[in-house]
Amino acid sequence: MAAIAQERYEDSYLYRLRHSAAHLMAQALTELYPGIKLAIGPPIENGFYYDVDSPVVIREEDLAKIEARMKELSKLDQRIVRMEAPDREAAKKLILEETTLGQGPEVAEYKLLLLEAVPDGETISFYDQQRTDREGKFHRFLDLCRGPHVDSTKEIKHFKLMNLAGAYWRGDAKNKQLTRIYGTAFETKEELETHLHNLEEARKRDHRILGRELGLFMFSPRVGPGLPLWLPKGAVLRDTMVTFLKEEQLKRGYEPVVTPSIASIKLYEKSGHIIAYRDKMFPFMEDEERETYILKPMNCPFHIEIYASQMRSYRDLPVRYAEFGTVHRYEQSGEVTGILRARGFTQDDAHLFVTKDQLIDEFIGVVDLMKTVLDKLGLKDFRARVGTKDPLSDKYVGHDENWVAATEAIEKACQTMGVDYFVSPGDAAFYGPKLDLIIKDALGRDWQMGTVQVDYNLPERFELEYIGEDSKPHRPIMIHRAPFGSLERMIGLLTEQYAGAFPLWLAPVQIAILPIADRHAEYAAELKVRFRDEFKLRVHLDDRRETLGKKIRDTQMQKVPYMVIIGDRDIEQGTVGVRSREEGDLGAMSLDAFIERVKSEL
Ligand SMILES: [Zn+2]
Ligand SMILES: [Zn+2]
């Protein structure tokens, strides 16, 4: 498998279409809300928006009306024409004469501010929506814009206005708050409908809602933003993932290490994080000797200290230290989102110390492990992004030959393992090239998850060495890697991917036992112990005094893979009534047959 070509979104027709849809919305707004001031209206990842300063409040229920006017304006088949002004003066004249639509110059307030920011001597472009009506009268809607756009408004057919938000002019809270109107547009009706359907589906799968409903994790204002509390079922899910990865890592020669949550500032001065990472660190603390300590934002320097604690020979390498290391990063409280972007999270971290000759094989080993992990988690649709140096930047450390060798190692690993990848110049870390896994979920959304990075910088800073075959000291290369990315992020993704219905091996509760009446409770309790101790299954016994119907509904809500229903006949005949989450009622079967079924599925 070779590198796959990536068209940049910014170069695509869809991008131009969405940008044009933003202008079409602006045109509708100026007609519907006289005196409205337009600010900026760019295309964004899933659509477009326009920021406006409206004399009357625009509400969600007004969106239908705006959309309806956009439909009419689209059908008028207005030509979208690029115009240019040679300098700022000419542009200003054009704005005041042609964009204020006979209203006062104040409606152009934001456009004039934008114009001021254009560098001297630069041509200034506008896009004009033009048409001539039946009476021969010329109409236009001119907007200051870099473009590019589509050729006619009639190309903008499949769009929808989504929602409103507040947004400060230039993103600065000191400025006036504007109204941001979000919309989306697609090339075809089907694509628009799929997108809207997926949004609805995404709402239903939101890991923050499911996390609470399924008893996985919670947040508390008394604990603080971005600091999840893992509930019993969530903790079981985590343990299951950790156990799986630990076993895989042991097979592959990793050694576990455990390191503390805080360290002296000296460690981070040596690593350079104190400068490069300062804004992601929680405020520092001091002990009674006035020694400064830092809450751990990353595990690497600790593993390096362990490596450096003894003399290493080339025969010892590669050294692979793995730790499920909990780190804390000072994310802005506004940027914290559920467990996807938390302030406290656990990385499935490891650091490999390798010789130059081992780099390719070790990288292949890491990619192989990542593939194994994704396969087990049922995440089949993924690509790798190979982040390389931006040739124009000088922010990178290390010798060119090392960069070339490391980039080749990464590409070779992808090719050997049959992983689709694309090269993304400028996406390297400053200390070396890297590979990021991008997973497509069940709704077609991309998630950036696991990462592997080659690092020449930290071994240099810590003066790491090993004695080579030539009896001379050499510098090892470090590989940082985390196949999940973090447990939190991966569980967030899996929750949305499966809409909470985790595969049997991962499900926090694998089997729910539902006695029909009180007289079946004792047998059910015995069964629970057998499932748990003899067959090593995760079981929940629902012995509440509720009707069977209610118990079944509640178990379905919890998305438990199997329900085992116990009644008189089951006790007499040694059977169980089985309901599968996927296949529904399977009827009575012998206990052995049921266990056989579960074991084979596992
Ligand atoms: Zn524009
Ligand atoms: Zn690291």
Side-chain angles (χ1 to χ4, degrees), residues 10 15-27 29-30 38-44 47-52 80-84 91 95 99 110-111 114-115 118 124-129 141-150 153 156 181 183 185 254 257 259 263 267-268 270-273 276-277 280 296-307 319-327 329 345-354 366 429-432 434-436 450-459 461-462 464 476-486:
E10 290 76 8
Y15 188 85
R16 296 205 300 282
L17 184 73
R18 287 171 173 171
H19 197 169
S20 305
H23 282 227
L24 189 68
M25 178 167 78
Q27 186 179 15
L29 289 167
T30 51
L38 301 174
I40 55 162
I44 50 170
F48 59 89
Y49 68 79
Y50 218 114
D51 284 348
V52 297
I80 304 179
V81 181
R82 182 184 169 94
M83 300 184 61
E84 282 176 359
I95 288 175
T99 75
Y110 298 101
K111 296 296 172 186
L114 289 170
L115 190 62
V118 178
I124 295 146
S125 62
F126 291 81
Y127 279 81
D128 198 12
Q129 282 151 218
F141 171 76
L142 188 69
D143 197 358
L144 176 70
C145 176
R146 239 185 227 120
H149 284 274
V150 297
T153 57
I156 314 159
I181 309 176
Y254 285 79
V257 291
T259 66
L267 183 66
Y268 298 100
K270 186 79 179 161
S271 70
H273 285 119
Y277 221 70
K280 286 272 194 239
K296 169 162 87 174
M298 45 186 45
N299 306 300
C300 341
F302 296 83
H303 296 183
I304 291 171
E305 283 300 303
I306 298 175
Y307 177 91
V319 168
R320 309 178 188 93
Y321 288 144
E323 175 174 21
F324 288 84
T326 300
V327 296
R329 294 184 187 168
F345 56 94
T346 302
Q347 292 179 306
D348 53 328
D349 212 357
H351 295 95
L352 288 71
F353 301 86
V354 309
V366 170
F430 76 92
Y431 49 74
K434 62 173 180 160
L435 176 152
D436 291 309
T451 179
V452 201
Q453 307 179 353
V454 180
D455 185 353
Y456 297 99
N457 178 50
L458 285 174
R461 290 189 75 101
F462 282 84
L464 298 184
I477 305 166
M478 251 178 98
I479 300 175
H480 310 243
R481 46 107 281 182
F484 294 153
S486 76

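By convention here, the first residue in the shown sequence is residue 1. Counting starts at 1 for both ligands and their atoms, in listed order.
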- line: When I80, D143, D128, V81 are each screened for side chain to side chain contact (heavy atoms under 4.5 Å, CB included) with H149, the one that passes is I80

query: So which of Y321, F353, Y431 actually passes ring-ring contact (aromatic ring centres under 6.0 Å, His included) with H480?
result: Y431

- prompt: Would one find more than 12 heavy atoms of other residues, nucleotides or ligands at under 6.0 Å from atom CZ of R82?
  reply: yes

- prompt: From the Zn ion (ligand 1) out to just under 2.8 Å, does an N/O/S atom of H149 turn up?
  reply: no

Atom nearest to the Zn ion (ligand 2) - H351, N, O or S atoms considered: NE2

message: Need the atom name: nearest N/O/S atom of H23 to the Zn ion (ligand 1).
response: NE2

query: According to the interplanar angle, ranging from 0 to 90°, do the rings of F302 and Y268 count as parallel (below 30°), tilted (30 to 60°) or perpendicular (above 60°)?
result: perpendicular

task: Return yes when at least one N/O/S atom of H480 is nearer than 2.8 Å to the Zn ion (ligand 2), and no when none is.
output: yes

